[in-house]
There are 2 protein chains.
Amino acid sequence: MVKITDVARHAGVSPSTVSYVLSGKRPISEETRRRVEESIRRLGYRPHAGARALAGRRSNVLALAVPLRPGIDVPVAMRFAVSVVTTARRHGHDVLLLTQEEGEEGLRQVVDTVSVDGLIVMDVQLDDPRPALLRGLDRPSVMIGFPADPKGLTCIDLDFKAAGEACVEHLARLGHRAVALVGSPPEVYVRGTAFAQRVVRGFTAAADRGRLASIVHPCEASPAAARTLAEQLLREQPALTGVVVHNEAVLEPLIDAFEKLGLRVPADLSVTAICPDELAASLRTPVTSVTLPADEVGARAVELLMKKLNGTATPEATLLPPRMTERGSTAPRAVA
Amino acid sequence: MVKITDVARHAGVSPSTVSYVLSGKRPISEETRRRVEESIRRLGYRPHAGARALAGRRSNVLALAVPLRPGIDVPVAMRFAVSVVTTARRHGHDVLLLTQEEGEEGLRQVVDTVSVDGLIVMDVQLDDPRPALLRGLDRPSVMIGFPADPKGLTCIDLDFKAAGEACVEHLARLGHRAVALVGSPPEVYVRGTAFAQRVVRGFTAAADRGRLASIVHPCEASPAAARTLAEQLLREQPALTGVVVHNEAVLEPLIDAFEKLGLRVPADLSVTAICPDELAASLRTPVTSVTLPADEVGARAVELLMKKLNGTATPEATLLPPRMTERGSTAPRAVA
DNA sequence: CACTTGTGTCGAAGCGCTTCGATTGGCGAA
DNA sequence: TTCGCCAATCGAAGCGCTTCGACACAAGTG
């Protein structure tokens with residue numbers, strides 16, 4: 001194994017100089033720096049992570065809590081995770097994976113063990129016990145999603161309320177007067193997942209403001225549930241011409257179901273979604289959607305955490321404004 | 001932070017004794033052990049991971065490479081991952097997450113950095129470059145899946161060939177004479193993913209042996225693709241009465257599609273699948289399936305790795321025999 | 001020209017843990 | 001009773017790195 005003393009010898013400097021070249025914490029002359037960097041490359045030197053963690057106070061490891069709870073869309077969750085991992089790596093950090101089972105215990109343990117510089121917590125819920133835990137920790141953290149009380153924390157997420165509003169307003173502008181929200185699976189609401197509720201709130205508020213008739217239903221993540229729900233919606237609201245889907249798993253089956261029921265999209269029924277762009281664009285009928293920018297959220301979460309690690313002040317709440325892309329699944333309401 | 005010397009003082013012993021209590025590498029009297037353990041608990045002591053990694057040669061961290069390639073079923077992949085993480089934790093190890101982007105570079109880097117005791121690599125493909133890399137490493141590894149040449153490696157997976165055979169044989173026993181395999185998305189075959197090909201091989205071999213008419217088609221992971229394929233299968237093989245589905249994402253839509261086409265399951269068409277039990281059991285028509293034991297595979301992979309870390313010999317290949325559960329989606333062929 | 005101020009580098013002291021060799025005391029064998 | 005031996009424990013030497021204070025020298029300052 002190549003160690004720092006090897007590099008130092010090879011470059012004709014002291015180990016501390018090599019360390020300073022690496023960390024940039026003290027000025028190093030241009031020439032020395034170059035020599036050291038050359039030696040590092042030639043010898044293929046990689047600092048020993050454990051030694052670093054011991055001597056410095058940093059381990060260069062982040063923990064990522066990914067609770068794969070029932071009802072969440074796993075592929076979407078993993079987009080966040082992948083984005084976190086790659087961004088972290090760009091910042092020289094590795095990512096330790098925590099899953100639901102480890103829950104609070106896992107959090108505490110990993111933190112106590114000092115193997116982790118900071119943590120990123122996904123799928124935060126309104127009554128989540130983790131925010132309290134995080135507040136008590138001596139290590140910085142960032143939450144993806146919002147708990148009931150984000151005071152003293154750092155949270156980031158898409159502005160789901162605005163996203164819900166944007167969808168309704170888009171439909172309203174097109175002349176639609178009766179709209180429905182197809183939400184996440186019921187478990188998600190039962191658990192009090194903030195983002196789901198925010199969509200509902202935004203949806204309802206905008207509908208009320210625009211004096212649109214509106215209904216809201218959660219929906220299981222299965223094609224069968226989608227079909228059932230499609231029928232139910234039309235029964236409850238025969239004048240329905242606009243649908244907002246906030247449920248990746250049923251987006252396609254739901255459109256299918258409506259078409260099977262004789263409604264053409266967008267001629268008879270306009271559909272918008274809140275979901276990753278890739279999904280919306282990949283469907284047979286590309287769907288007008290507010291993007292769920294998982295990549296951006298993941299990356300920004302890491303960047304916020306890096307800032308906190310550097311002692312830079314960070315905002316408590318970061319809400320990304322919704323960005324809507326029209327793709328042809330929405331059209332002006334046909335005038336009867 | 002509580003350190004080993006604090007524990008030692010509290011228990012009235014030397015730090016090395018505490019260390020030996022923890023590692024069990026030297027005999028410690030029953031009484032001392034108890035006192036030390038009590039102190040550890042009372043003080044809430046957690047060994048510093050970095051210091052451990054530095055002093056000992058172990059970091060108690062595993063790397064898990066989860067390449068979320070197109071065409072793979074993310075929820076299923078995550079079942080493996082979660083199982084790996086929880087099993088690793090039971091063995092006192094944390095799990096570092098590697099994603100596709102980091103690929104070989106990430107592997108090498110994490111390993112060089114000595115932050116990792118061993119690695120588990122998922123979604124291995126026939127011509128995967130990683131096995132070669134792993135062979136060259138000085139650290140043990142376990143692969144979930146099989147490369148073209150598993151010599152010198154440790155691989156574990158469901159015996160997909162036998163699984164394919166089991167499905168066909170089950171259908172054959174029920175009197176079916178014409179069967180179809182609905183496979184994974186085409187990308188998966190193009191990439192040469194062993195498990196997908198093995199299913200095909202098992203399926204075909206068993207069909208030939210039993211003199212069944214058989215057809216094989218990959219299928220995109222979308223309801224639309226499922227519908228199209230259902231029609232296509234019936235067109236190509238009007239006598240079709242048995243289907244094997246090896247594609248979690250289209251299992252439900254496919255059954256739907258067949259039913260829409262007027263075939264009742266299992267009265268007119270018997271369906272079996274290779275997928276996690278939970279999925280098979282959760283459908284409206286519970287599906288007879290060979291379980292894809294993600295939990296077991298993940299856990300066994302970790303255990304194999306632990307064995308290698310302890311220097312115990314491990315078999316190169318572990319193939320879990322298929323376990324089939326009848327659930328009512330298969331029935332004897334209706335005699336015309 | 002003596003004196004401060006910076007700049008770039010070095011040496012040494014740990015970080016918390018494991019591990020190796022040494023030490024102690026108790027016990028059976030001679 | 002003495003010796004040797006084993007079980008149980010201790011002390012000290014690092015593991016590879018960061019960081020702090022010291023130092024040497026060059027470049028201003030009055």
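Order of the sequence lines sets the chain letters (A, B, ...), proteins ahead of strands, with each chain counted from 1.
- Between B/V7 and the choices B/I40, B/T17, B/V21, B/V13, the side-chain contact (heavy atoms from CB on, under 4.5 Å) rule is met once, by B/I40.
- The salt bridge (Lys or Arg N to Asp or Glu O under 4.0 Å) check on B/R26 picks up nothing, with sequence neighbours excluded.
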Determine, for nucleotides 12-19 of chain C in 5'-to-3' order, which nucleotides have protein heavy atoms under 4.0 Å from the base (write B), from only the sugar-phosphate (write S), or from neither (write -).
-> --BBBBBB
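- Using a 4.5 Å heavy-atom threshold, the side chains of A/R52 and A/R58 count as separate.
- The CZ atom of A/R300 lies 12.5 Å from the OG1 atom of A/T154; values are rounded to the nearest 0.5 Å.
- No more than 12 heavy atoms of other residues, nucleotides or ligands sit less than 6.0 Å from atom CZ of B/R42.
- Residues from residues 28-44 of chain A that place a heavy atom under 4.0 Å from any atom of DNA chain C, listed by number: A/I28, A/S29, A/T32.
- Distance check: A/L309 CG to A/N60 CG gives 9.0 Å after rounding to the nearest 0.5 Å.
- Taking a 6.0 Å sphere around NZ of B/K307, one finds it holds 12 or fewer heavy atoms contributed by other residues, nucleotides or ligands.
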